[in-house]
Amino acid sequence: MNSWNSHILLVEDDENDVFLMERAMAKAKLAPPMHVATNGQEAIDYMAGKGQYADRSKYPLPECVFLDLKLPFVHGFEVLEWKQEQPSLSHISVLVLTSSPEDRDRQRARQLGAKEYLVKPPTPEMLLQIMHLFPKCAPD
Amino acid sequence: VSFALQERIQQIELGGQLQKVLPQQVSGLTRLHNLSTKLASTYRLDEAMQAILESIVELHGTHRGLLSLFDPAEGVLYSGAAVGFKPEELSQLAGVPPGAAACGSAFRDRCRVIVDDTESDPLFAAYREQARRVGFRAVHSTPLLSRDGTALGVLSVHFDSPARPTELQIQLADMHARQAADFLERLRAEEALKESRDRLTAIFESSPESIQVIAPDGTLLDLNPTGCRMLQASHLAELLGKSVYEFIAPQDRDRFRAMHQRVCAGVTENMDFQIVGLHGARLDVQTHAVPFSHPRTGKLQQLAITRDITSQTLSQQAQRYLAAVVESSDDAIVTKDLNGIITSWNNGAERLFGYSPAEVIGKPVAILIPQERENEEPEILAKLRRGQRIDHYETVRRRKDGKLLDISLTVSAVRDSHGRIIGASKIARDITELRRTREALTLSRLELEKRVQERTASLQEAIAQMEEFSYSVSHDLRAPVRAMKGYALAALEDYGHCLDARGRNYLERVVRSSSRMERLIHDVLTYSRLARCDIQLQRISLQKLIPDIIQQYPEMQPPQAEIRIRNQLEAVLAHEPLLSQAISNLLSNGVKFVALGVMPILEIWTETRNGRVRLWIEDNGIGIKPEHQRRLFGMFERVHQNKQYEGTGIGLAIVRKAVDRMGGTAGVESDGITGSSFWIELAAAE
């Protein structure tokens with residue numbers, strides 16, 4: 001059985017997409033501890049350990065972040081921009097998971113340091129493939 | 001008796017005398033008669049004079065004589081004929097001035113001089129020695145007098161011994177002198193006539209003007225070479241005897257006829273008209289015609305001298321034409337001298353400035369110049385004197401009523417035939433209207449630019465909104481579809497066993513519909529993206545691109561399908577993403593629309609025609625009926641109803657849009673039964 005030991009952060013405002021992500025994870029037999037941020041600001045706060053997220057025992061830093069682009073208040077690209085300016089968080093990989101197949105989004109995400117660009121919906125195959133990028137998440 | 005006897009005696013005495021005189025008279029008359037005959041048949045002065053002299057010398061019963069003629073140029077008498085003199089003797093006698101010796105005196109006094117004895121005649125004393133040397137003792141000189149009494153020469157007869165002339169000899173000498181004078185006069189008259197005729201002929205032949213004689217009925221009787229040339233004839237024979245009216249231009253014929261009739265009635269006329277040559281060439285001519293009486297009949301004819309004035313007429317016409325141009329011009333055309341004094345003023349100037357020619361000619365052009373521009377005229381004049389031209393100089397001038405006009409001025413120097421500047425011509429055009437139009441144009445251009453900017457801005461906004469819309473479509477429209485499909489699949493997977501077949505079928509339909517919705521959204525986005533993306537045409541190798549495309553789609557590869565490339569594919573000029581999109585759409589259609597159970601087999605090749613490459617994709621599919629082919633490339637057009645061939649109806653619209661944007665065309669050939677052949681045509685690379 002495969003497992004995803006390290007924490008992941010899913011930045012997603014649509015609860016249906018959260019459901020689809022969880023289901024794909026389950027179908028891929030990956031069960032990482034997953035935290036959800038429902039907008040860009042929350043994602044930044046989480047990574048910065050601000051407010052309620054200061055408690056790292058409850059909200060540990062994730063190994064990787066699945067980031068939607070179209071988010072309320074703070075856009076996914078702004079999250080990427082902010083993250084680029086945080087050298088202390090450079091070990092965290094950000095994977096964009098979006099509805100947009102547009103090239104311009106794909107290019108911009110790369111420029112802002114996204115490690116992968118994935119188009120929704122997430123599938124078990126997709127998740128198993130990218131899992132290899134993360135040694136700590138390597139299957140048992 | 002005595003009376004009768006006396007009469008008889010007288011008769012006898014007379015008869016004796018007659019017997020002596022009569023033969024002499026008869027001989028003299030015979031000689032005179034022969035002489036006349038001879039003179040009538042000769043034109044040679046020396047022959048005639050010799051004959052006369054020989055005749056008279058013989059009639060005087062002597063053997064010496066001299067006929068001297070007066071040379072007016074030298075003022076001396078010279079030997080016209082001589083009998084019985086040796087050449088050296090002649091040379092002594094030659095060159096006698098009037099008044100010298102017997103002949104000189106006879107010449108000077110125009111009367112006979114008889115020296116009956118040179119030894120005793122006191123008047124001859126000075127020449128006595130000469131006479132002795134030559135050897136004559138008497139000389140009788142008779143002058144040759146013209147009919148008007150002028151002395152022409154002297155006829156002299158010399159004798160070896162003293163001699164007095166008889167009455168008969170005197171008469172015969174006079175008659176011979178008369179003959180000689182008449183001959184001389186006739187000869188001189190003939191010479192004068194010939195000279196005058198030669199002169200006239202030369203004038204006639206060489207005159208640069210046509211000279212012609214026309215009979216009262218219009219028949220051309222004579223014409224000089226210039227006239228022949230003017231009528232385009234190479235020989236006079238082509239024209240003589242023809243009616244002169246044939247050569248008069250129709251519009252002038254009646255006028256010419258009337259003129260001709262007046263001339264034949266004795267009036268001298270001048271007339272300008274046009275003639276038409278044998279080959280149709282027209283000349284403008286001017287004729288001077290005089291009545292000329294026929295030498296025999298005395299009937300009046302027309303003798304005329306005609307000049308070609310075509311070039312003159314043309315230059316006059318050109319001048320009239322130019323004058324008309326100036327007069328009818330809408331522009332004001334004014335000339336002035338170098339002091340700025342107006343010398344001419346056309347209608348346009350009158351219209352523009354309101355002054356009549358009489359009001360301004362002779363006045364300074366400065367009356368047209370507003371005060372604040374009074375320094376303009378000296379500047380213009382200075383430029384003109386330097387030979388410069390002023391072109392389209394925009395300024396302001398004042399009308400007679402004081403109103404100011406915007407005008408455009410063109411001023412150029414007027415030169416005389418030696419090239420000296422003598423004044424200027426000035427063309428002024430009212431540009432008030434033009435200026436207004438120009439201002440209005442500037443305003444409307446600004447207005448237009450503003451509007452274009454506004455439109456551009458609103459268009460850019462619309463495009464931005466469109467892009468925002470597509471962006472939203474790709475993000476937001478997809479989310480609910482994805483959720484629908486995701487939950488339906490989850491329900492099927494997790495609760496499928498609790499449902500009957502119908503319940504499961506309903507969920508499957510939800511899954512299929514949402515999949516279709518996803519494809520539609522995807523295709524619409526693709527279409528709008530390729531409709532607005534920036535493109536750059538470059539050389540694309542189809543030989544490389546097509547296998548790359550096939551590589552990406554398992555359904556295009558064996559065992560599911562076979563795609564054969566028939567020839568070395570030509571390279572095209574295209575934008576790779578668009579071309580790739582178009583070809584992959586065609587290939588997926590090709591492998592999709594086959595009859596159930598048939599393995600799709602596609603053949604690909606290129607053709608080059610007129611610098612363009614046509615890529616053919618032939619399939620073994622179900623084909624497209626000709627009546628549907630027209631709609632095939634439209635948006636959302638589907639020509640197969642069968643659910644088996646479900647599609648979005650956008651794929652071929654994408655192909656057409658992509659090819660359009662690259663300057664190409666797309667089409668299909670199919671009989672609707674045995675497959676289809678799709679093609680796209682693009683510019684060939686190189």
Side-chain angles (χ1 to χ4, degrees), chain A residues 10-31 34 36 38-40 66-80 95-109 114 117-127 129, chain B residues 463-464 466-496 510-511 514-515 517-536 552 554 575-578 580-581 584 648 650 654 658:
Chain A
L10 174 65
V11 188
E12 177 58 77
D13 63 320
D14 185 331
E15 57 181 15
N16 293 326
D17 281 335
V18 174
F19 167 78
L20 293 176
M21 181 63 167
E22 283 168 345
R23 192 169 169 83
M25 283 283 189
K27 284 179 87 173
K29 309 237 177 341
L30 298 167
M34 189 163 76
V36 177
T38 57
N39 66 54
F66 287 88
L67 177 67
D68 190 12
L69 288 178
K70 199 139 186 256
L71 292 167
F73 315 129
V74 175
H75 194 275
F77 288 132
E78 289 172 281
V79 175
L80 281 169
L95 303 113
V96 168
L97 178 63
T98 175
S99 296
S100 165
E102 301 274 330
D103 271 347
R104 55 175 178 166
D105 286 343
R106 204 180 282 272
Q107 279 167 16
R108 184 136 183 241
Y117 189 96
L118 310 167
V119 178
K120 289 174 185 176
T123 59
E125 297 78 32
M126 182 201 285
L127 293 176
Q129 217 169 10
Chain B
I463 291 172
M466 264 290 285
E467 287 186 355
E468 193 49 46
F469 171 75
S470 335
Y471 197 68
S472 294
V473 166
S474 60
H475 284 273
D476 300 345
L477 257 57
R478 286 182 150 188
V481 179
R482 194 163 59 235
M484 253 189 288
K485 188 179 171 185
Y487 283 112
L489 276 172
L492 273 174
E493 285 163 13
D494 296 358
Y495 304 102
V510 173
V511 171
S514 41
S515 296
M517 185 69 192
E518 275 179 342
R519 283 202 305 279
L520 275 168
I521 291 171
H522 174 266
D523 284 357
V524 168
L525 279 175
T526 305
Y527 185 90
S528 72
R529 197 184 309 123
L530 64 85
R532 65 174 198 270
C533 71
D534 293 329
I535 66 163
Q536 214 164 7
Q552 291 170 30
H575 180 61
E576 187 170 333
L578 290 189
S580 181
Q581 181 78 58
S584 60
T648 59
I650 303 174
I654 288 172

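Chain letters run A, B, ... following the sequence lines, proteins first and then strands; every chain starts at 1. Note that the coordinates shown come from a computational prediction; the quantities given were computed from them, not determined experimentally.
- Heavy atoms from other residues, nucleotides or ligands lying under 6.0 Å from CD of Glu493(B) number more than 12.
- Here Ala490(B) is the residue among Gly486(B), Ala490(B), Ala483(B) with the most heavy-atom pairs under 4.5 Å with chain A.
- Only the side chain of Val119(A) comes within contact range of chain B, judged by heavy atoms closer than 4.5 Å.
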Please determine whether side chain to side chain contact (heavy atoms under 4.5 Å, CB included) holds for the pair Asp17(A) and Arg482(B), giving the CA-CA distance in whole Å, both sets of side-chain angles, and the decisive distance to 0.1 Å.
CA-CA 8 Å; Asp17(A) 281 335; Arg482(B) 194 163 59 235; 2.7 Å; yes
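- Going from atom NZ of Lys27(A) over to atom CG of Leu489(B) covers 7.0 Å, rounded to the nearest 0.5 Å.
- Among Pro121(A), Ser100(A), Pro101(A), the one residue that satisfies the side chain to side chain contact (heavy atoms under 4.5 Å, CB included) test with Arg478(B) is Pro101(A).
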